[in-house]
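Note that this is a predicted model, so its numbers are computed, not measured.
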Amino acid sequence: MRILISPAKKMNLDRDSLPVLGLPQFLPQTQRLLAALQAMRPQELQALWKCSDAIAQLNLERLQNMDLLHSLTPAILAYEGIQYRYMSPGVMASGQLDYLQEHLRIVSGFYGLLRPFDGVTPYRLEMQAKLSIDGEKDLYAFWGQGLAGQLAKETDWVLNLASKEYSRAVTPYLPAASVLTCVFGQWKDGRVLEKGTACKMARGQMVRWLAEHGIAAPKDIQNFADLDYQFHPELSGENQYVFIQGGC
């Protein structure tokens, strides 16, 4: 099993809490992306990033001094989003961190596919950014089948907890039967309503729960009941598990 999650926009440096165990597997591609970004004008970069002046200035400074090989942060600690706060890797036991290193993979527009203890540096590049690189129209085309190919070498099934923006870079290239997607929502007016923040909370909490219980089989995932979620078999299928918060 491999668990797919999305990155977060906000990133930090933490070189002390946990060790870096290796470099990203797709570092040559990342180096090409870095060169392309460094060749762009500040106005072009801000348009690509779709961010405020202050955030653009921060990331321009990062680009000017970016070092992909030194003074790195483990990927699992580098992202600061809601999902990562609920996952809380900084307070996990060593066995749970080992579980993450084996099973968890972070899909990144800049790094491709990250293991939790791959060393990274703060960057800004969403997967859906309209960056033309190496003759490809965007990052989805740039990464192509490469990320899915790496996953296929590692496992025979994938638990998809990534957002649609990021899962789109992987799951279309995998056999449909090998991908299990979890949906987290509330039941309203006869349908499942997914809310962005609640989904991020649930995904992070599920990753933590998976690590705490050493889950490895699809059927066992149905037992997830944190944050008042319950598995609903009547709404689910073989390749999609639906969890409803608060009942329906």
Side-chain angles (χ1 to χ4, degrees), residues 4-15 20-81 83-84 104-153 162-174 200:
L4 284 189
I5 63 171
S6 306
K9 291 181 183 178
K10 189 175 181 181
M11 299 186 69
N12 64 36
L13 294 170
D14 185 342
R15 301 167 183 143
V20 168
L21 299 182
L23 292 173
Q25 297 164 292
F26 292 89
L27 197 57
Q29 291 91 326
T30 301
Q31 290 169 331
R32 296 208 299 275
L33 288 171
L34 176 58
L37 292 171
Q38 289 177 330
M40 295 173 68
R41 298 192 302 272
Q43 299 89 336
E44 294 174 318
L45 287 165
Q46 186 167 3
L48 180 74
W49 292 330
K50 297 180 180 178
C51 64
S52 67
D53 291 347
I55 293 175
Q57 184 58 41
L58 170 64
N59 285 281
L60 285 169
E61 293 171 1
R62 285 174 171 172
L63 270 181
Q64 291 171 359
N65 303 296
M66 190 168 287
D67 186 340
L68 300 176
L69 301 176
H70 305 96
S71 300
L72 305 176
T73 297
I76 197 66
L77 298 182
Y79 297 105
E80 283 193 18
Q83 175 181 227
Y84 291 84
L104 187 68
R105 297 294 179 265
I106 303 167
V107 186
S108 163
F110 189 58
Y111 281 105
L113 201 63
L114 289 165
R115 296 161 297 200
F117 289 92
D118 285 348
V120 302
T121 193
Y123 66 91
R124 188 179 180 93
L125 188 63
E126 297 179 62
M127 186 65 78
Q128 62 186 0
K130 299 298 183 181
L131 178 64
S132 179
I133 179 81
D134 286 0
E136 304 291 354
K137 66 177 182 178
D138 57 23
L139 290 174
Y140 293 108
F142 173 75
W143 289 113
Q145 300 183 36
L147 308 186
Q150 177 59 39
L151 284 170
K153 294 176 184 177
S163 66
K164 293 178 181 178
E165 174 190 349
Y166 284 92
S167 61
R168 180 184 155 198
V170 177
T171 57
Y173 304 106
L174 294 171
K200 292 175 183 177

Can you tell if the side chain of [X] reaches within under 4.5 Å of the side chain of [Y], non-hydrogen atoms only?
X: Tyr123; Y: Met11; answer: yes
X: Ile5; Y: Tyr79; answer: no
X: Phe26; Y: Leu147; answer: yes
X: Tyr111; Y: Val120; answer: yes
X: Phe110; Y: Leu68; answer: yes
X: Met40; Y: Leu37; answer: yes

[X] side chain vs [Y] backbone, donor-acceptor pair below 3.5 Å:
X: Gln150; Y: Leu113; answer: no
X: Asp138; Y: Ala141; answer: yes
X: Trp143; Y: Gly112; answer: no
X: Gln38; Y: Leu63; answer: yes
X: Arg124; Y: Lys10; answer: no
X: Ser6; Y: Ala162; answer: no
X: Glu165; Y: Gln128; answer: yes

Between [atom1] of [X] and [atom2] of [Y], what distance do you get to the nearest 0.5 Å?
X: Gln29; Y: Leu27; atom1: CD; atom2: CG; value: 8.5 Å
X: Ser108; Y: Leu33; atom1: OG; atom2: CG; value: 9.0 Å
X: Lys137; Y: Asp134; atom1: NZ; atom2: CG; value: 16.0 Å
X: Leu114; Y: Leu23; atom1: CG; atom2: CG; value: 11.0 Å
X: Asp118; Y: Leu72; atom1: CG; atom2: CG; value: 10.0 Å
X: Leu139; Y: Ile133; atom1: CG; atom2: CD1; value: 8.5 Å

State, to 0.1 Å, how close Arg15 and Ser71 come at their nearest heavy-atom pair, and which atoms those are.
-> NE-O, 3.1 Å

Let me see the working for Leu48 and Leu131 under side chain to side chain contact (heavy atoms under 4.5 Å, CB included), right down to the final yes or no.
-> CA-CA 7 Å; Leu48 180 74; Leu131 178 64; 4.0 Å; yes

Do we see a donor-acceptor contact under 3.5 Å between the side chains of Asn59 and Gln46?
-> no

Review item, side-chain donor-acceptor pairs of residues 166-173, under 3.5 Å, at least two apart:
unit_1	atom_1	unit_2	atom_2	d
Tyr166	OH	Met127	N	3.3
Ser167	OG	Ser163	O	3.0
Thr171	OG1	Ser167	O	3.0

